[in-house]
Amino acid sequence: MDFLTLLQVLDSTIRLATPLLLACLAGLFSERAGIFDIGLEGKMLAAAFFSAAIAAVTGSVWLGLLAGIAASLALSAIHGLASITFRGNQLISGVAINFLASGLTVLVAQDWFGQGGRTPSLIGAGRWPDITLPFAETLRPVPILGPIYAELISGHSILVYTALLMVPVTWWVLFRTRFGLRLRAVGEAPEAVDTAGVSVIGLRFAAVAICGLLCGLAGSYLATGLQAGFVREMTAGRGYIALAALIFAKWRPWHALGACTLFGLLQAVALRYQNIDLGGITIPVQVMDALPYILTVVILAGFVGKAIPPRAGGEPYVKER
Amino acid sequence: MDKMPAWADAILVPLISLLLAAILSAGVILAIGENPIEAFRLMVDGALMRSTGWGYTLYYATNFIFTGLAVAVAFHARLFNIGGEGQATVGGLGVALVCLYLPWPHWSLALVAACIGAAAFGALWALIPAYLQAKRGSHIVITTIMFNFIAAALLNYVLVNLLRPAGQMDPATEVFPPATHLPTFQDMFATADNPLFRGAPANVTFFLALIACVAVWVLIWRTRLGYEIRAQGHSESAARYAGISPTRIIVVAMLISGGLAGLMSVNTTMGEAERLVLNATEGAGFIGIAVALMGRNHPFGVFLAAILFGFLYQGGAELALWTNIPRELIVVIQALVILFTGALDNMVRMPLERLFSRRRAA
Amino acid sequence: MTDTAPAIELKGISKAFGPVQANKDISIRVMPGTIHGIIGENGAGKSTLMSILYGFYRADAGEIFVGGRKTEIPDSQAAIAAGIGMVFQHFKLVQNFTVLENVILGAEDGRLLRPSLAKARAALKSLAEEYELAVDPDALVETLSVGHQQRVEILKALYRQADILILDEPTGVLTPAEADHLFRILDNLRAEGKTIILITHKLREIMEITDTVSVMRRGEMTATVKTAETSPQELAELMVGRKVLLRVDKAPAQVGETLLKIENLRHVDEKGVERLRGISLDLRAGEVLGIAGVAGNGQSELLQVLGGCAEAEGTVTLRGATLPLSGAGSDGRARRAAGIGHVPEDRQHEGLIMPCTAWENSVFGYHRDPAWQKGLIMDQAAIRADAAGKIERFDVRPPNPNLAAKNFSGGNQQKIVLAREIERNPDVLLIGQPTRGVDIGAIEFIHQEIIRLRDQGKAILLVSVELDEIFALSDRIAVMFDGRIMGIRDPDATDQRELGLMMAGITDDPKVALAI
Amino acid sequence: DPALIYDLGGKFDKSFNEAAYNGAQRWADETGGSFKDIELQSEAQREQALRRFAEAGFNPVITTGFSMSTPIANVAADYPDTKFVTIDGYVDPAEHPNVKSILFAEHQGSYLVGMLAAMASESGTISFVGGMDIPLIRKFACGYAQGAKAVNPDITIIANMTGTTPAAWNDPVKGSELTKAQISQGSDVVFAAAGGTGLGVLQTAADEDILSIGVDSNQNYLHPGKVLTSMLKRVDVAVEESMAAGADLETGVFALDLSGNGVGYALDDNNADLVSDEMETAVEEAKASIIAGDIDVHDYTSDDSCPALTF
Ligand SMILES: Nc1ncnc2c1ncn2[C@@H]1O[C@H](COP(=O)(O)OP(=O)(O)OP(=O)(O)O)[C@@H](O)[C@H]1O
Ligand SMILES: Nc1ncnc2c1ncn2[C@@H]1O[C@H](COP(=O)(O)OP(=O)(O)OP(=O)(O)O)[C@@H](O)[C@H]1O
Ligand SMILES: [Mg+2]
Ligand SMILES: [Mg+2]
């Protein structure tokens, strides 16, 4: 593999990892606060649709982003209502949200645009432009570092940089602020938070809302950054992969960056190298397709070991039995 | 002890939840400019008022019973098996191999062998995640999700490269020999002047599903193994105290779970398609999660929930057939049913409990 | 009578959990600068009452006055603002946070952690000096002993400047030395004018430190008396509503052959810490061998290893036959088959499956016995009949085998476990903390059962952190410290002071002292 | 009235099923007739929809997608008075006289667009993005490669499939990444035969300023000036004609190829500047040769092999 190919694979990795990273950090906030969320997929999907739909109608990607976040927040509110207020089963609520998003997006899309659950293709200001970082062209001739800067680091949409920035921000919020301390505590021992005079419900709703916000960014990136419009089921299981990455990262922000990058890399490699020929034996495309999943299992079994989730995760906080 | 009578919890709560889901669904139908009452009438008419409708409803229900039971059994051991989809997919491979490569004199023998094949392949597909969970602590939720993707790739490879008859376009096997065709409800119940269940895919596998319900009930609540599975599910430290090996229970429970999921493919592959097609499971593995959770992991609850989802599937198909309502409406209705009966049930239960305790106090 | 307002006054407090009426129309006054004791049977409603005062639960009816002023306490925030602090029976700590983080949680200054942590560090230092409450502020709570965790809870309350401190069964998990230390702290606090409410099951403590004492029974407040004007006997009767024996009647032991021989037992736990460092003990028929020690010195692991819940190295023989300590045949099932019964320390997480019925729990561990099988399925009728018998003999209340284990009170849960293990008639019975959190009435019964078993010639290994209990039941007492046996004493030839020193790792025996 | 059953991809896929819908709509507009249609949502529904329509008296019942052939074979005998049409599917006419099978020579159409791609390419590398890896899609790829090599024997052809599950028809993100990867390997013309995934391919090609080729329907309008051409598969014509024939439909197996304009390539205002006269002449010559039988375009599905391309 020559240097340029490597750069392109890594470039592709960044693009593929971004929605994963945003969703993974979304899940991180929620699960750190003790609310399991397998509805990441649904929230991303809803956000993808509404951001594309509103961007298509208004021609503004920013309005689209707001709409996407609003849609994702609405689903978060349902999840919060079910799992925090009414102490329902968080897994079921997540499953329901995935179904809801999968059905509603197409239903609404069909009702609004009549294009078979698709939005019209976005043009111009309806999409996130790629940002060229300063001096990208000037520096390009510099050997090694030049192309890395110009090709790999520069030239992504603002959401990519936002996602990357969210990693230290998440770390800082969780480990350096009062809110973060309380949020982590409520995922470990809600009764400790409660007896310390802090509202468990308020904290958990805040966490779920942040989760909605980040899923909104992820969806918006999918439909209006990576793509120029929405198609049905366009998240294609990324919510689940993000969940896998979250466990892989053991619920830590920097590890999440690593895990999502790894998954992005595996996908990028699988995309580029199909049917590898190994001295006469061709590896069938199906193997390459399944490779990210196989490797996930291998990595989990071989290197990660037991991942211990936040102790109060998945359990509603009940004072009176 | 309890805050309200058991019957209210078991019947009233789900009924009111369903009603709420129905009301919201009606709102959605109104919002897309259709008539909800007419839609509901069409669904009931198509799914429940004709024998053929029942034939479809029960066909779908059969799938959901198997995948629901699969999730439920694993759940009793506190294992969340999201891999029903993959296990059923691979189970289908077992059915196909049995039906295609062994000569069968009669369908009943073929059925027994196909069940063994399906269950064995499904169990095998669950074995690796189970082993990794037991021995390496790899999170079973992730590994089973990954195995769903891997199963799809595997089936694709096998169908495209190995089992597809030369020249056939469809990535599917050839049609199974006639001796393996299972009797459908039509074969069983239709008479010359009363063509019951005409063309419907419901077949003997439905009765297998009923047997599976009873078997799972006996297993969980009547056998030693079930007792140990429940003990392990409730408290691993208690299980260790009693000399129950966690590894053994995890592996055995997942094998049973995977086997049950695999059995679903007998219905779709041998009973309906009579050949192995690419996406025979069609998300039934995921519906199984909802079915199990709604059915409170009890075989009877799973049975009822499976019938409900079968009705939704078939009613939705009829709806799409005769109206302009997109098929996704059914997905939305399913979502609302899952949400209200499974996750928001306390929203209904809490006021009811207050009502009952006030009545008792009075 | 002075005219100072009571620090706390509760009027007509009632609280129901579903059909369970935990508190019925309770009124109580606590004067400032005093220690007020509350006693009562399990489930009498003591914790509930205090949780209401602390804003954890909301009362169905009633009023709260703090310092003479009527105060609404809808949540813990309000209680803290009113100057109330509480140390719960089950600690409310975040296990994987540091001490410092736990202390500031909810009482941070400002949005950023750094200044809060610095301030708390300084405050903890001065509190530690003032009240002898030293804890490493950077230690993770999960690495602390129970006694230290309790200190963290007290520090939390003091850091929030509580004037009124509620302690719910604080000594249940402490060694005598730790309890003494705690009482010194409480004394200091009282001297400073703080008000303390102390819930305990131990009459000795009530007599030792409180100024007044209230007795609760079945959700009602039955009496409030001045400690100086009452006696343990009177309090016990007020609690249970009948006369109780406060000491165990037992004949001298008829000791027989050695049944269980333990040699050089070693065990390393999951975290790689060596928990047992070469234990050797002989257990003889017809005796109770008590193991005394501060919680966390290997007693739990000793029980776990002998009961087949954990693997170890060394030799253990039962009547001369070697028991495998790892691999096949080293699990709980094999131990039971060999004739070793085991009443685990933690009945809720080990001894019982809480959501399952009493009859199902009555064969737990023995569920593979042929007697309970009918072909491929379990013989429910036989098990139920057997369970009903056990429930009757052990006076489990309510006597309903179909009730889930979680619906029995703690004492009755313990009886279910004891009935199961004792009725099997094992040669050797391992018993851990048989009366932890159990009230006086049930303790009496449980102690009688243990002695009855001993008198039948069985060998009993008793682990308890209650020195009183060890003294009352044991024929020999072994003291454990840091995974070793510090020495074995005759209960009649030793006293609490000597044992307390040994439990702290201090010994005159040069051989042992060298090994440490 | 006639009835139309779309395959799982759905009515508005901007290519295959949508072409069927357009044909039906055109027939309805021209004749004032009406038709019934349904989008399938599950495998078991295939037979159900066929039976329900047949029982309700719809005739003919037209289906799209090869997956319908087996269900039609199962039900056809039960409704001898109903005519069934399977587009892309094959049902033995000897066994089922009331079934019409319509097959397309996709390899021939692909051959022509392959020629155009090779002529338009400046880099000497062109590419193909398929949807799910099934023989039908390989048939497209194989014809495309053969056509390209006919123009430039040294041309490099990169062929990628999006996936192995049905989700591969609807993953534009992956389509986009595949395209980017192909571009970085030098490709400057990409042919997408991938359903909804293809939209991502066309979009990315337009964004990255290379040429793309649409499929099934005329997709030139999606990115005017950026889509070189579209490989047409006249499903619309097949549906329209079947509907027009009504109950008198002629049954049997029909192969629609270049000669009957069953397949072809799209030329309109949107791509007029992209296809030069020489290119058009060359393609038209090849078309004539294929029709005349002088050029034999290899059909992948005939023997599951492709001389021009390895997968
Ligand atoms: N969480 C609960 N849910 C339902 N019922 C309960 C619950 N806790 C206790 N009970 C019931 O309330 C009764 C009273 O419980 P309580 O704890 O007061 O028992 P008790 O009489 O004090 O027994 P003991 O002295 O053995 O602790 C119990 O017998 C039990 O059946
Ligand atoms: N959160 C709860 N939900 C339901 N019932 C409860 C709850 N907490 C306590 N109870 C019930 O209320 C009654 C009083 O319990 P409480 O914990 O106040 O007793 P206690 O006097 O502190 O007993 P112990 O000595 O065992 O600590 C018991 O019957 C108990 O089972
Ligand atoms: Mg109690
Ligand atoms: Mg208490």
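Note that these values count all heavy atoms, side chains included, but never hydrogens, waters or copies made by symmetry. The structure displayed is predicted, hence computed values, not measured ones.
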Trainee: So what's closer than 4.5 Å to chain B heavy atoms on D:Asp303: side chain, backbone, both or neither?
Mentor: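 For D:Asp303, no heavy atom lies under 4.5 Å from chain B.
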Trainee: How far apart are the closest heavy atoms of B:Arg198 and D:Tyr79, and which atoms are they?
Mentor: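 That would be NH2-CE2, 3.6 Å.
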Trainee: Looking at every heavy atom in both D:Met132 and B:Leu278, which two are closest together, and how far apart are they?
Mentor: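 Heavy atoms of D:Met132 and B:Leu278 come nearest at CE-CD2, 2.8 Å.
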Trainee: Measure the CD-CD distance between D:Gln45 and B:Glu318 for me, rounded to the nearest 0.5 Å.
Mentor: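 With rounding to 0.5 Å, CD (D:Gln45) is 9.0 Å from CD (B:Glu318).
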Trainee: As an exercise: rank D:Leu50, D:Asn74, D:Ile38, D:Asp78 by heavy-atom pairs under 4.5 Å with chain B and give me the winner.
Mentor: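 Counting heavy-atom pairs under 4.5 Å, the top option is D:Ile38.
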Trainee: Please determine which of B:Arg275, B:Glu174, B:Glu274 meets the side-chain contact (heavy atoms from CB on, under 4.5 Å) test together with D:Thr70.
Mentor: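 Testing D:Thr70 for a side-chain contact (heavy atoms from CB on, under 4.5 Å) against B:Arg275, B:Glu174, B:Glu274 leaves exactly one candidate, B:Arg275.
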Trainee: As an exercise: rank B:Gly283, B:Ala317, B:Pro201 by heavy-atom pairs under 4.5 Å with chain D and give me the winner.
Mentor: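 Heavy-atom pairs under 4.5 Å are most numerous for B:Ala317.
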Trainee: Is the count of non-hydrogen atoms from other residues, nucleotides or ligands lying under 6.0 Å from B:Phe40 atom CZ greater than 12?
Mentor: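 Count not over threshold, so no.
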Trainee: With a cut-off of 6.0 Å (strictly less than), are more than 12 heavy atoms of other residues, nucleotides or ligands near CE of B:Met49?
Mentor: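 For B:Met49, atom CE is not crowded (no more than 12 foreign heavy atoms under 6.0 Å).
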Trainee: Using 0.5 Å steps for rounding, measure from the CG atom of B:Asn156 to the CE atom of D:Met161.
Mentor: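 Rounded to the nearest 0.5 Å, the CG-CE separation comes to 10.5 Å.
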Trainee: Please look at D:Ala56 and chain B and tell me whether the side chain, the backbone, both or neither of the residue comes under 4.5 angstrom of a heavy atom of that chain.
Mentor: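 The side chain, not the backbone.
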Trainee: Checking heavy atoms, do the side chain of D:Arg51, its backbone, both or neither come under 4.5 Å from chain B?
Mentor: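 Contact with chain B involves the side chain of D:Arg51 alone.
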Trainee: Under a 4.5 Å heavy-atom cutoff, which of D:Arg46, D:Glu55, D:Gln48 has the most pairs with chain B?
Mentor: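 Of D:Arg46, D:Glu55, D:Gln48, D:Gln48 has the most heavy-atom pairs under 4.5 Å with chain B.
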Trainee: Between B:Val331 and chain D, which part of the residue has a heavy atom less than 4.5 Å away: side chain, backbone, both or neither?
Mentor: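 No part of B:Val331 comes within 4.5 Å of chain D.
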Trainee: Measuring from atom CG of D:Asp304 to atom CZ of B:Arg164, what distance do you get when rounded to the nearest 0.5 angstrom?
Mentor: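 It is 4.0 Å, given to the nearest 0.5 Å.
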